[in-house]
Amino acid sequence: MGGRTRGRRCGLLGSYMLTLALASFLAVAPPSGALRFELQSGHTKCISEDLKIHAMAVGKYAVVNPSDSAPLPDSHKITVRVTSPYGNSIHYADQVDSGNFAFTSSEEGDYLACLWAPDHNPPATMAVEFEWRTGVTAKDWTNVAKKGQIDVMELELKKLEDTIKSIHDEMFYLREREEQMQDMNRSTNSRMAWLSFLSLAVCLSVASLQLWHLKTFFERKKLL
């Protein structure tokens, strides 16, 4: 009994240390850069992000000017729409060269950001920078430091605390998703078992009917 308790405590301590180490790494790691891709006129590019309920999300986008010495061409305009998993519109901007959006998710699932370039003659290809930050990375830590008047060490500790909370919530979220998948697997296995029994019953019924038909045929022909 004592060995089992010590083993459980060691497991919990190991999980805590692993979470703390991961949180420390994420807190000191540099933020990921913006995604850059090419978009042709008349085409659409969509980017999805899986969010849980009450998650914070911040995004910004901009068309890259192909020339540093000239203004952005009129052909380099895009239309942007951000929708929820159930199709509700969260952000919409028409014929713009840059913009941003921010929201707190009210639905769980894949949120979709679609960027569309209108048709242009001759066809034009433009470079677009897109950045989508969620969770702890979506917070503006500069404003947090200014409002709270805290030093660098306190700011890093607060980042670490929020990162640990985010990892903790994510672990529970993944556990819930795992339980949902297990329930779905059990339900699928149960249905497959009933389908197998039904298929077996149908096969046996058809075989019995064929045997009865052959017996009747042979008796009619007086072969039996």
Side-chain angles (χ1 to χ4, degrees), residues 22 25-148 152 155-156 158-159 162-163 165-167 169-170 173-174 177:
L22 181 59
F25 172 76
L26 294 176
V28 299
S32 58
L35 174 67
R36 176 178 287 202
F37 55 88
E38 290 187 348
L39 184 63
Q40 295 181 352
S41 56
H43 290 73
T44 302
K45 177 75 172 181
C46 292
I47 302 171
S48 65
E49 185 73 24
D50 185 17
L51 298 177
K52 57 185 178 181
I53 299 178
H54 305 312
M56 183 185 299
V58 175
K60 61 180 180 180
Y61 50 87
V63 178
V64 180
N65 194 340
S67 176
D68 296 334
S69 58
L72 191 68
D74 294 336
S75 60
H76 286 48
K77 301 290 184 181
I78 58 176
T79 298
V80 182
R81 182 187 295 274
V82 181
T83 56
S84 69
Y86 293 99
N88 298 319
S89 180
I90 297 175
H91 172 78
Y92 178 78
D94 187 30
Q95 297 291 313
V96 297
D97 53 26
S98 63
N100 53 71
F101 59 88
F103 64 91
T104 300
S105 60
S106 58
E107 303 168 6
E108 179 181 328
D110 289 330
Y111 284 74
L112 201 63
C114 290
L115 298 85
W116 175 74
D119 290 325
H120 190 268
N121 194 14
T125 301
M126 64 193 76
V128 180
E129 285 189 349
F130 185 88
E131 184 178 8
W132 197 340
R133 294 180 288 119
T134 61
V136 178
T137 58
K139 287 189 177 182
D140 189 352
W141 292 104
T142 303
N143 289 337
V144 171
K146 289 180 179 179
K147 291 180 180 179
V152 178
L155 180 61
E156 292 300 325
K158 186 169 180 58
K159 287 184 182 180
D162 286 356
T163 304
K165 289 181 180 179
S166 177
I167 295 175
D169 294 340
E170 187 69 20
Y173 171 70
L174 292 176
R177 293 291 296 269

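Sequential numbering from 1 along the given sequence is applied to the chain's residues.
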**Q** Flag the pair Lys52 and Glu108 as a salt bridge only when some basic side-chain nitrogen lies within less than 4.0 angstrom of an acidic carboxylate oxygen.
**A**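 Here Lys52 does not pair with Glu108 in a salt bridge, since their nearest N and O are not under 4.0 Å apart.
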**Q** Tell me, do Phe37 and Ile47 make a side-chain contact under 4.5 Å, heavy atoms counted?
**A**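 Yes, their side chains come closer than 4.5 Å.
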**Q** Mind checking the CG-NZ spacing from Asp97 to Lys77? Nearest 0.5 Å is all I need.
**A**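 Here the interatomic distance stands at 4.0 Å.
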**Q** Taking C-beta and beyond as the side chain, do Val64 and Glu129 meet within less than 4.5 Å on heavy atoms?
**A**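 Contact flag for Val64/Glu129 side chains = yes.
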**Q** Looking only at heavy atoms, which two atoms of Leu39 and Leu115 are closest? And how far apart?
**A**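 In terms of heavy atoms, the two residues are closest at CD2-O, 3.9 Å.
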**Q** For a quick test of reading the model, state the closest non-hydrogen atom pair linking Ser48 to Trp132 and the distance between them.
**A**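 Reported closest heavy-atom pair: C-CZ3, 4.4 Å.
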**Q** Using side-chain hydrogen bond (donor to acceptor under 3.5 Å, both in side chains) as the criterion, list what pairs up with Tyr111, not counting sequence neighbours.
**A**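 Scan of Tyr111 (side-chain hydrogen bond (donor to acceptor under 3.5 Å, both in side chains), adjacent residues dropped) gives none.
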**Q** Shortest non-hydrogen contact from His76 to Leu72?
**A**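 Smallest heavy-atom distance, with atoms named: O-CD2, 3.7 Å.
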**Q** Sequence neighbours excluded, which residues qualify as side-chain hydrogen bond (donor to acceptor under 3.5 Å, both in side chains) partners of Thr79?
**A**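 For Thr79 the side-chain hydrogen bond (donor to acceptor under 3.5 Å, both in side chains) partners, ignoring immediate neighbours, are Asp94.
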**Q** Less than 4.5 Å apart, side chain to side chain, heavy atoms only: is that true for Pro85 and Ser105?
**A**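 No, side chains not in contact.
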**Q** Would you find more than 12 non-hydrogen atoms of other residues, nucleotides or ligands less than 6.0 Å from Lys45 atom NZ?
**A**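 Counting neighbours around NZ of Lys45, 12 or fewer heavy atoms of other residues, nucleotides or ligands fall under 6.0 Å, so no.
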**Q** Rounded to the nearest 0.5 Å, what separation is found between the CG atom of Leu112 and the SG atom of Cys46?
**A**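 Reported value, rounded in 0.5 Å steps: 4.5 Å.
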**Q** For the pair His43 (side chain) and Ser41 (backbone), establish whether a donor and an acceptor sit closer than 3.5 Å, ignoring hydrogens and angles.
**A**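 Looks like yes, one N/O pair under 3.5 Å.
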**Q** Side-chain contact, heavy-atom cut-off 4.5 Å: Tyr61 with Ile78?
**A**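 Yes; the side chains approach each other to less than 4.5 Å.
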**Q** Pro123 versus Gln40: any side-chain heavy-atom pair under 4.5 Å?
**A**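 Side chain of Pro123 against side chain of Gln40, heavy atoms only: no contact under 4.5 Å found.
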**Q** Would you call the rings of Phe101 and Phe103 parallel, tilted or perpendicular if under 30° counts as parallel and over 60° as perpendicular?
**A**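 Correct class here is parallel.
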**Q** Tell me whether Asn65 contacts the main-chain N or O of Ala70 through its side chain, where contact means a donor paired with an acceptor under 3.5 Å.
**A**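 Flag set: sc Asn65 to bb Ala70 pair under 3.5 Å.
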**Q** What heavy-atom pair brings Val58 and Ala102 nearest, and what distance separates the two atoms?
**A**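 Closest heavy-atom pair between Val58 and Ala102: CG2-CB, 4.1 Å.
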**Q** Among residues at least two apart in sequence or on other chains, which ones pass side-chain hydrogen bond (donor to acceptor under 3.5 Å, both in side chains) with Ser84?
**A**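 Residues passing side-chain hydrogen bond (donor to acceptor under 3.5 Å, both in side chains) with Ser84: Glu107.
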